[in-house]
Amino acid sequence: MSDQRFIIEMGMGNDLYGQDYTKAAGRAIEDALRHSSIPLFEATGLSHGAMRVVVTVGVQDPEAVDCAALSGKLPRGRASVTAVKGGLNVTNPDNGNVIVIASAAVEAFLPKQAG
């Protein structure tokens with residue numbers, strides 16, 4: 001039986017001073033999660049453990065993201081995080097500081113339910 005996506009949320013996060021891609025990605029994930037409330041589990045009695053969570057974060061330097069650390073911070077389900085090229089770096093021309101901006105898509109899947 002294959003999984004069926006039942007939610008997708010998007011978020012944005014940044015690191016203003018440290019040029020930390022993992023921090024910016026984590027904030028983007030948190031932003032997406034703050035937009036979600038899923039009463040499905042209480043309504044159906046399904047376990048959160050049945051949910052597969054797939055997170056994709058976009059940053060300018062995907063190799064600099066600690067995906068394992070981010071997946072460990074997700075509160076529910078069996079989570080995986082993948083970093084891809086995306087997001088945005090903005091350089092302040094006055095002092096050279098780089099602002100790292102990340103985007104995130106958080107998708108949740110459950111096994112297809114009968115009926």
Side-chain angles (χ1 to χ4, degrees):
M1 189 178 281
S2 63
D3 288 350
Q4 182 175 17
R5 183 175 68 184
F6 70 96
I7 191 169
I8 182 168
E9 290 287 350
M10 285 68 64
M12 190 277 298
N14 60 61
D15 184 27
L16 296 175
Y17 301 106
Q19 201 169 344
D20 186 324
Y21 290 92
T22 299
K23 183 186 286 186
R27 289 176 175 169
I29 293 167
E30 290 170 6
D31 182 51
L33 293 176
R34 285 189 184 107
H35 295 116
S36 296
S37 176
I38 308 170
L40 172 79
F41 296 99
E42 290 80 14
T44 63
L46 289 170
S47 164
H48 284 102
M51 179 174 58
R52 183 171 56 94
V53 180
V54 177
V55 178
T56 306
V57 292
V59 296
Q60 285 293 295
D61 186 2
E63 296 295 321
V65 176
D66 185 345
C67 293
L70 293 172
S71 66
K73 292 182 178 182
L74 287 159
R76 304 270 190 268
R78 301 177 324 276
S80 66
V81 176
T82 303
V84 299
K85 181 80 170 172
L88 186 65
N89 285 354
V90 178
T91 303
N92 181 334
D94 297 326
N95 60 18
N97 288 340
V98 176
I99 296 171
V100 172
I101 303 170
S103 57
V106 179
E107 299 175 272
F109 296 83
L110 283 172
K112 287 191 176 185
Q113 304 298 303

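Excluded from the calculations below are hydrogen atoms, water molecules and symmetry mates; all remaining heavy atoms, backbone and side chain alike, are included.
Contacts classified as salt bridge (charged side-chain N to carboxylate O under 4.0 Å, His left out) and involving residues 70-89 (residues at least two apart or in different chains) are not found. The salt bridge (charged side-chain N to carboxylate O under 4.0 Å, His left out) contacts involving residues 48-60 comprise D3-R52, where partners must be two or more places apart or lie in separate chains. Among pairs with a residue in residues 92-107, those fulfilling salt bridge (charged side-chain N to carboxylate O under 4.0 Å, His left out) read R5-E107, at least two apart in sequence or across chains.
Taking Ile, Leu, Val, Met, Phe, Trp and Tyr as hydrophobic and joining them when side-chain heavy atoms fall under 4.5 Å apart, one finds F109 in a cluster with V54. The hydrophobic cluster around L16 extends to M12, Y17, L88, V90, I99, I101, counting ILVMFWY residues whose side-chain heavy atoms fall within less than 4.5 Å of a member. In this structure, M10 belongs to a hydrophobic cluster whose other members, linked by side-chain heavy atoms under 4.5 Å apart, are I8.
Nearest heavy atoms, S103 versus A28: C-CB, 4.1 Å. Here the closest non-hydrogen pair linking P111 and A50 is CD-O, 3.5 Å.
At least one donor-acceptor pair closer than 3.5 Å links the side chain of D15 to the backbone N or O of D20.
V53 and V84 fall into different hydrophobic clusters, where Ile, Leu, Val, Met, Phe, Trp and Tyr side chains are chained together by heavy-atom contacts under 4.5 Å.
With sequence neighbours excluded, the residues that form a side-chain contact (heavy atoms from CB on, under 4.5 Å) with N89 are Y21, Q60, V98, V100. The side-chain hydrogen bond (donor to acceptor under 3.5 Å, both in side chains) check on E30 picks up nothing, with sequence neighbours excluded. In this structure, D66 has no side-chain hydrogen bond (donor to acceptor under 3.5 Å, both in side chains) partners at least two apart in sequence or on a different chain. Judged as a side-chain contact (heavy atoms from CB on, under 4.5 Å), and not counting sequence neighbours, the contacts of A83 are V57, P62, V65, C67.
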